[in-house]
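The structure appears below as structure tokens.
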Amino acid sequence: MDWQELTNLTRGQPFVVERVRLTGSGVAIEGEFELPQLAQLNVEDQVFVTAFVRCHGSIKEMERIFGVSYPTIKSRLKRITQMLDFVETDPAPSRADVIDRLRRGEITAQQALSELEGRT
């Protein structure tokens, strides 16, 4: 069974994978594994996201591929975005990091307080 069949079979219902087998070694791991967010999208949205990444985020190219208008592409991107949790790519610095930077004179006391209070 491939991922498209699995996605169609579940019809958007949440599910948990309970067994994973590594094909190279035959080792199997049992437990409860949640699928990554992108794998939880329906097949059409997975294809759309894949196309978007492959054309480097070019909405003009997406218009050409799917034969739809700019507002249609933007609307679909917005809908998909709302289904995905934001992944923090630039997490707030740790307290220790802020204090170290303050000690080295890289930031002022006021900047350190702002960062520690979450107002970067």
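In this chain, residues are counted from 1 in sequence order. When reading the values below, keep in mind they use all heavy atoms of this one structure, side chains included, and skip hydrogens, waters and symmetry mates.
Phe33 and Leu41 are members of different hydrophobic clusters when ILVMFWY side chains are connected at heavy-atom separations under 4.5 Å. Put simply, Leu38 and Val20 are part of two different groups of oily side chains (I, L, V, M, F, W, Y) that touch within less than 4.5 Å, one to the next. Taken together through direct or relayed side-chain contacts under 4.5 Å among Ile, Leu, Val, Met, Phe, Trp and Tyr, Phe48 and Leu84 form part of one hydrophobic cluster. Criterion: ILVMFWY side-chain heavy atoms under 4.5 Å apart, direct or through other members. Under it, Val49 and Val47 are not part of a common hydrophobic cluster.
Taking 4.5 Å as the limit, every side-chain heavy atom of Met62 sits out of range of all side-chain heavy atoms of Leu77. Residues Glu61 and Arg54 form no side-chain contact, since every pair of their non-hydrogen atoms from C-beta on lies 4.5 Å or further apart. Considering only heavy atoms from C-beta on, Cys55 stays 4.5 Å or farther from Arg64 through its side chain.
Here CG of Leu102 is found 11.0 Å from CG of Asp97. Values are rounded to the nearest 0.5 Å. To the nearest 0.5 angstrom, Ser58 atom OG is 8.0 Å from Ile65 atom CD1. Here the CZ atom belonging to Phe52 is positioned 9.5 Å from the CD1 atom belonging to Ile80, to the nearest 0.5 angstrom.
Taking all atoms of both residues into account, the shortest heavy-atom contact from Ala28 to Arg19 is CB-NH2, 3.2 Å.
Other residues, nucleotides and ligands contribute at most 12 non-hydrogen atoms within 6.0 Å of the CD atom of Glu34. Residue-environment remark: CZ (Arg103) stays at or below the threshold of 12 foreign heavy atoms within 6.0 Å.
The side-chain hydrogen bond (donor to acceptor under 3.5 Å, both in side chains) with Glu115 is formed by just one residue from the set Gln110, Arg95, Arg101; it is Arg101. If you run side chain to side chain contact (heavy atoms under 4.5 Å, CB included) between Lys78 and each of Lys74, Gln82, Arg76, only Gln82 comes through.
At distances below 3.5 Å, not a single donor-acceptor pair connects side-chain atoms of Glu18 with backbone N or O atoms of Glu30. Within the 3.5 Å criterion, the main-chain N or O of Asp85 finds a donor-acceptor partner in the side chain of Gln37.
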